[in-house]
Enquirer: 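Take this structure first; my questions come after.
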Protein chains: 2
Amino acid sequence: MKDSGSQSSNSKSVATSEDIAARLTDAVHEHRLLPGMKLNEDEVGEIFGVSRTIVRQALRAMGHEGLVTIERNRGAFVAKPTIKEAREVFEARALLEPQTARAAAERMTPADITMLNQHIEDEHAALASGKYGLALKLSGDFHVEIARISDHATIETFIRQLVSRSSLVIALYWRRRNALCESHAHHALLDAFENKDGNSAEELMKGHLLDLVSQLDLREAQNTNVSLKAALSQ
Amino acid sequence: MKDSGSQSSNSKSVATSEDIAARLTDAVHEHRLLPGMKLNEDEVGEIFGVSRTIVRQALRAMGHEGLVTIERNRGAFVAKPTIKEAREVFEARALLEPQTARAAAERMTPADITMLNQHIEDEHAALASGKYGLALKLSGDFHVEIARISDHATIETFIRQLVSRSSLVIALYWRRRNALCESHAHHALLDAFENKDGNSAEELMKGHLLDLVSQLDLREAQNTNVSLKAALSQ
DNA sequence: GCTTGGTAAATCGTATACAATTTGAGTCTC
DNA sequence: GAGACTCAAATTGTATACGATTTACCAAGC
């Protein structure tokens with residue numbers, strides 16, 4: 001839990017760079033910040049009431065996660081993964097997450113199950129009330145929670161990064177703008193977890209990731225700003 | 001290539017934070033900087049002739065890689081992986097590198113082979129002239145080069161991090177202080193690469209990593225500073 | 001002797017000032 | 001009008017000053 005308190009209990013808690021990075025990261029995960037958007041240092045600092053020093057720390061941290069691209073003397077932008085990078089992200093997830101799901105299944109406690117269940121319900125609620133961005137973020141968090149339960153901090157860090165970047169990929173390459181009909185997959189995973197069935201969990205996760213990729217449109221040259229060239233080539 | 005020129009061609013090239021991080025990282029890889037060592041900001045800045053601003057950027061970057069631990073108001077220290085973290089690093093490598101070796105084998109060009117060969121020779125030369133730290137670094141670079149050849153930037157980044165942290169693990173938990181008798185393993189891998197034999201490459205890499213782990217001493221409580229508690233529990 | 005307390009030095013955290021670079025508008029020319 | 005040029009405004013990069021925290025040392029007390 002630990003909600004990285006923006007303005008929590010203790011009256012005048014000044015925001016740290018971690019807070020800023022978390023807030024910005026959430027915004028990216030919820031598609032309130034979209035790939036390519038400029039993150040002006042003064043502007044961000046003004047919004048959160050901190051100096052540029054702190055903002056720069058946050059932006060550089062996000063740069064390391066691959067969420068933000070920093071161009072020298074030009075500033076920070078929400079990253080725009082290329083098609084190759086998009087493929088890589090999901091290939092890496094396919095390499096890490098199935099085994100992680102298996103490990104998680106074997107370590108799963110009743111408390112974990114309850115928590116994951118709550119997570120799925122929240123996701124449902126978000127979808128029902130039209131908060132697609134929030135639903136998307138929660139859907140990613142589900143994967144991160146599984147990694148956390150697997151109790152492998154190193155791989156958890158990698159998965160967290162990959163899930164993060166998946167938000168960008170989805171923003172750029174998702175086919176159907178409407179539903180994220182994947183809650184079924186998460187339910188199925190939860191069943192495997194309840195039965196402590198590592199094999200199923202591994203297979204379900206593998207299938208789930210393949211399913212996700214199959215809903216992306218990763219053909220070359222679709223989202224590149226080729227307006228000029230496209231107009232001329234006709 | 002691009003050797004991140006410390007003082008390259010252009011006369012007065014002021015060191016960037018990337019340069020500083022690279023220099024410090026090399027020092028860690030070569031065991032000139034050992035786990036636990038304090039990295040004083042003023043001191044580092046003095047050595048490289050840059051202000052603390054730049055040093056702090058470098059140290060935070062290394063923090064993200066897991067090479068450095070930053071404690072608030074206390075400063076940056078070369079990281080000291082616990083035994084659990086040490087295990088995790090090699091488990092993650094075992095998950096990523098065999099498949100990466102396979103992919104590399106399939107994409108390997110004659111130029112790549114030549115380069116890897118040179119790498120092995122350099123490693124030999126370093127060992128022969130007693131530069132164990134350099135040999136260790138080169139040995140790690142070998143793995144990173146394979147990742148690069150596999151042409152999967154995302155996984156390459158992960159492997160780079162893991163190899164980096166492996167240097168720390170080796171500094172803390174390596175059994176025999178003398179030789180790193182692993183050049184044989186690298187030779188065998190090279191043979192597989194020359195034959196474009198992905199299966200062999202994958203298997204050899206898996207075995208090589210297991211071999212490495214087996215030379216570590218990862219039993220509990222050997223390097224922990226428990227003098228007080230240990231004395232009291234008796 | 002060992003601990004406790006207090007003060008000065010060392011060190012880190014952050015804001016800010018200023019330099020360097022990019023951006024964009026406006027002007028001029030062809 | 002399209003393109004090249006100039007200059008001001010906006011923005012980022014870096015050094016530095018200053019406050020906050022930790023550390024280290026030394027003296028006093030039990």
Enquirer: Provide, to the nearest angstrom, the distance between the CG atom belonging to D42(B) and the C1' atom belonging to dG13(C).
Expert: 13 Å

Enquirer: Check the distance between dT11(C)'s P and K38(B)'s NZ and give it to me in whole angstrom.
Expert: 7 Å

Enquirer: Going by side-chain hydrogen bond (donor to acceptor under 3.5 Å, both in side chains), name the residues that satisfy it together with E91(B), two or more places apart in sequence or in a different chain.
Expert: H152(A)

Enquirer: Strictly below 4.0 Å, N to O, side chains only: are D141(B) and K137(B) in salt-bridge contact?
Expert: yes

Enquirer: Could you walk me through whether H31(B) and S167(B) pass side chain to side chain donor-acceptor pair (under 3.5 Å), step by step?
Expert: CA-CA 8 Å; H31(B) 286 188; S167(B) 297; 5.2 Å; no

Enquirer: Please report the closest heavy-atom contact between G66(B) and R165(B), naming both atoms and the distance.
Expert: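 So the two residues come closest at O-CG, 4.1 Å.
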
Enquirer: In whole angstrom, give the distance that lies between atom CG of N40(B) and atom P of dA24(D).
Expert: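 Rounding to the nearest Å, CG of N40(B) and P of dA24(D) are 12 Å apart.
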
Enquirer: Side chains of H186(B) and H119(B) only: does a donor on one sit below 3.5 Å from an acceptor on the other?
Expert: no

Enquirer: Figure out the CZ/P separation between R60(A) and dT14(D), and round it to whole Å.
Expert: 8 Å

Enquirer: Begin from the C-alpha positions of F142(B) and I120(B) and carry the test side-chain contact (heavy atoms from CB on, under 4.5 Å) through to its verdict.
Expert: CA-CA 8 Å; F142(B) 187 80; I120(B) 291 181; 3.7 Å; yes

Enquirer: I'd like a list of close polar pairs between nucleotides 15-17 of chain C and the protein, N/O only, cut-off under 3.5 Å.
Expert:
residue: dA15(C); atom: OP2; partner: S51(A); partner atom: OG; Å: 2.2
residue: dA15(C); atom: O5'; partner: S51(A); partner atom: OG; Å: 3.4
residue: dA15(C); atom: N7; partner: T53(A); partner atom: OG1; Å: 2.7

Enquirer: Whole Å only: how far is the CZ atom of F48(B) from the P atom of dT14(D)?
Expert: 16 Å

Enquirer: Once you round it to whole Å, what is the distance between C1' of dT22(D) and CD of E41(B)?
Expert: 13 Å

Enquirer: Can you list, by residue number, the residues of residues 67-78 of chain A that have a non-hydrogen atom closer than 4.0 angstrom to DNA chain D?
Expert: R72(A), N73(A), R74(A), G75(A)

Enquirer: Report yes or no: do N117(A) and E121(A) form a side-chain donor-acceptor pair below 3.5 Å?
Expert: no

Enquirer: For a side chain to side chain donor-acceptor pair (under 3.5 Å) with H143(B), tell me which candidate from R148(B), R160(B), R93(B) qualifies.
Expert: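 Of all the options given, the one that passes is R93(B).
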
Enquirer: Rounding to an integer number of Å, can you tell me how far E46(B) CD sits from dA15(D) C1'?
Expert: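 In whole Å, dA15(D) C1' and E46(B) CD are 15 Å from each other.
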
